[in-house]
Structures are given as C-alpha cells and as structure tokens.
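Lettering follows sequence order; numbering is per chain, from 1. Predicted, not measured: the structure shown is a model, and the values here were computed from it.
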Protein chains: 2
Amino acid sequence: MDSTLTETEQKILNAAKKVFVLKGMSGARMQEIANEAGINKSLLHYYFRTKEKLFDSVFQSALGEFFPKIRSYMLSDSSLEDKIKVFVTEYSKVLQENPFLPSFILGEVNRNPEHIISYFKQHVGSIKDKNIPAFHQATKELAEKGSSSGFDPRNLLLNMIGMILFPILARPVIKEVFFDGNNAEFEVFMKNRESHISEFIINSITKS
Amino acid sequence: MDSTLTETEQKILNAAKKVFVLKGMSGARMQEIANEAGINKSLLHYYFRTKEKLFDSVFQSALGEFFPKIRSYMLSDSSLEDKIKVFVTEYSKVLQENPFLPSFILGEVNRNPEHIISYFKQHVGSIKDKNIPAFHQATKELAEKGSSSGFDPRNLLLNMIGMILFPILARPVIKEVFFDGNNAEFEVFMKNRESHISEFIINSITKS
DNA sequence: GTCTATACACTGATAGAC
DNA sequence: GTCTATCAGTGTATAGAC
C-alpha cells in the first residue's frame, strides 16, 4: 500500500473493487469501472496499464482486509473463551460489512491459486508461526482444565470460520430455503446466530 | 432431466460443466467447450441456442448434485448422532469428488440469486417442509435426554455444512497457510477432520 | 494528466452447403 | 445433424491532441 495515492487512483481502486467483486475478473468491464469512477476509460490504462494489473491491485487489497485482522485477534493474551467470542463477533462484523468479498476471494483463489500463495509469501509467512502456537497453547490450557479432547487447533479455527462464513456465502440460498425469502427473519436469525456459534464451540470444547 | 439425451448432447453438457465450473459464466468460451467436447462450435448453438441457455442447463444439473442428497440423509429415521455421522461422511465424499463445484455454485448464486430461487420453486419447496421437521424432532429428542441447549436446528445444519465446506472452498489457502503447500499432509488432515467434525458437533450437542 | 478517436483481437451467433 | 465461412458486436489497449 503506497500512501502516495492520487485521488484519481483511489477513485479507480474503489470503483474497480466494486465491479470486480460483483462481476469477477472476466465479467468486469473496463468501461463499467470507468463509469463507476466517473472518469475516462483511458485513464484506467494510464494508471494501471492493463486490466490484469488493476485486478491484482484490487485482489491484494481485498485479501488485506481479512487476514491481518484474524492475526490480531489470535495474538491477544485473553482466555480462549474470550478469544473465541471476540473472533466470532469481529469476524462476523467484517463479513457482514462486505458480504460479497468472501465469495469473490474464494472464487478467484480457486481459479488462480498462485495469487494467494504469492500473497502469503509476501505478507504473512506468519500465521503458522504466530497464530497457531498462540492458539495451540490456549487450547492445551483448556484441555487440561476440562477433560476436553485435545484436537488439532487448526480444526478449531476452520470450524469457527466455516460456521461464520457459510451462511454469508450462501445467503441467497439460505434466505430462500429457510425463510422463504423473508429478509427480516433472516437478519434476526443471523444476529442471534453469532452468540449461538460461540456457545456451540465453547460447549463442545469444555465438554466434561 | 430428459432421459432422451443424444450422445452429443451429453458430451456437450459434460464439457460445458467442466469449463463453466472452472472459468465461470463470463470466463468460459464457447470455443473451449466445443474443443473439450470434440465437436464444432456451431453444434453448441444448434443444441442449446445460446451460451446462457447452455449455462442454465449446466447450473441446474450442478445444483441437483447437492440438494437431493442432503434431503435423503435428513429423512432417514436413525438417531441424530448417526444422522450427523452419515451426513458428514457422505457430504464430504460428494464435495471431495467435485472440489470445484461449491465455489462455482456459490459464486454464481451470489451473482444471480434468481437462479437458485427458481430452482427451489421448481424442485424443492420441500426442504423446509420435510428436512427441518425431521431434524427438529431429532434435536428435541436429544435435548430432552441430555440437558442440551434447545437451539434452532437450522443452526445445526448450517454449522455442519460450514465446517465441512469451508476447507474445501479455501483449499489452496489452507494448504498453503497450514501446511506450507504440502499436499500429503493436507489430505491426511482432511481425512481425520471428518471424524473430528462429527465428534465436535456431538460433543457440543450432548453437553451435560 | 485527461480526453477523443481508433486500431486490433476475440467472441457469440447465424447462414448455408453437404 | 454436422461442418465452413462469415458477420456484427464488444472489449482491451494505444496514439495523439490538448
């Protein structure tokens, strides 16, 4: 992230993010991005040369919105229970503010795994080194207190993210199948679901 | 599904599925589908008129690979514990056989929610009527035996699917972040994870 | 830096011979 | 039903005036 960003560059990036996230790399049109940014199509090429380079910039910054946050939650030194509650709450908030971002990232990640790999080589070769040990330790502590199953803490992280993420990814399906398209009911359900997830996890972990 | 399908039609659908699932609607090229099917580009239009209609056929059949299976698992009259175990196992198998299908479906579902809605109007206005009550009953039974929290059974279903699905959706990321790209380690982890999920859920539900 | 005009490639779709 | 040839439309990218 260069902090030396023209106002125009910033407008382009915001517009590009909106369009790319909604339409995907191949579905997005340079013209639409230009319109959304309120500038001329040629300027996109002036600043970012090609569509692909523009996409890369957007994708990298989109990734940045998620992973660093995860890290900070994991590194705090509160109890595992609190850590779980905070993670569920905060991560849910981030996702609900950008409901289309996850499906965008996951989609393009599957199409183009090298992107994500290069991202981690660049930014966080750290999650394994930093987050997991912290998590592992907390899990062990708790496993000793209760007679809980001392499973791989990576499973715990995957469980949390999966439960939080899936309803957002599949929002249109779930709204339709479970609530006959009723938006209000769905929103209430999702709000209550946050505390359900925390309880569900803690319940399982502290099982005597 | 007409069972009156030409051999050529079937070849086209298979090829189209492969390409659409990998590249998405806008990323897929009619030429590539034709090549993959070993036929001429014009034949695609002869059989399916437009790209969009071809896509619809593929999408509908892709959806069909998931939801009916879910239903049958839910409708059996075994215990909730067994139901969970079977669901996790069978659903994991389906997903691992088609690792790219979920991200395809979820991506296009978010781009075009009307598709999924029309699908449910057509095929299963039933999940709510059939699966949920069956699930609800089983959950209640168990809640009475243990002193478990009598939460909304829809949460249980979302929890299961989320935990099963997420690592498959984010496979490249997780393989990289958790296993430094080591495929073998990842596969072992995923195999063990199946039973972990069942235990994790049952643990939480039967919490005393 | 910003705009207009345009080049160039590609893609979905159709017409028509066989 | 299957193929070849071709068209019209669209999209990225560049050249050049200001």
Short N-O contact, B:K175 and B:E185, less than 4.0 angstrom: no

Note: B:K11-B:E36 ion pair, threshold 4.0 Å (strictly below):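 Between B:E36 and B:K11 there is no salt bridge, as every charged N stays at least 4.0 Å from the carboxylate O atoms.
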
Pairwise 5' ranking along DNA chain D for A:Q31 and B:I39, keeping only the more 5' one: B:I39

Looking at [X] versus [Y], is the centre-to-centre ring distance below 6.0 Å?
X: B:F178; Y: B:F186; result: no
X: B:Y91; Y: B:F87; result: yes
X: A:F104; Y: A:F20; result: no

Whole angstrom is fine here: how far is it from [atom1] in [X] over to [atom2] in [N]?
X: A:L43; N: D:dA13; atom1: CG; atom2: P; value: 15 Å
X: A:E32; N: D:dT10; atom1: CD; atom2: P; value: 14 Å
X: A:F48; N: D:dG11; atom1: CZ; atom2: P; value: 21 Å
X: B:K41; N: D:dA5; atom1: NZ; atom2: P; value: 13 Å
X: A:H45; N: D:dA13; atom1: NE2; atom2: P; value: 4 Å
X: A:M25; N: D:dT12; atom1: CE; atom2: C1'; value: 10 Å
X: A:L54; N: D:dT12; atom1: CG; atom2: P; value: 11 Å
X: A:N40; N: D:dA15; atom1: CG; atom2: P; value: 16 Å

Touch class at under 4.0 angstrom, heavy-atom based, for B:Y47 against every strand present: sugar-phosphate

Sugar-phosphate only, base, or nothing, as touched by A:A28 at under 4.0 Å among non-hydrogen atoms: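 Sugar-phosphate only.
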
Segment of DNA chain C, first to last nucleotide, that comes within the 4.0 Å heavy-atom reach of chain A: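 Both ends considered, the range comes out as C:dG1 to C:dA5.
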
Donor + acceptor pair across side chains of B:D56, B:Q60 (<3.5 Å): no

Donor on one side chain, acceptor on other, A:H196 and B:N159, under 3.5 Å: yes

B:L43 versus B:I12, closest heavy-atom pair with distance: O-CD1, 4.3 Å

Helical bend (five base pairs per end, nearest 10°) for the helix from C:dG1-D:dC18 to C:dC18-D:dG1: 0°

Contact check, side chains of B:N98 and B:K17, non-hydrogen atoms, under 4.5 Å: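 Side chain of B:N98 against side chain of B:K17, heavy atoms only: contact under 4.5 Å found.
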
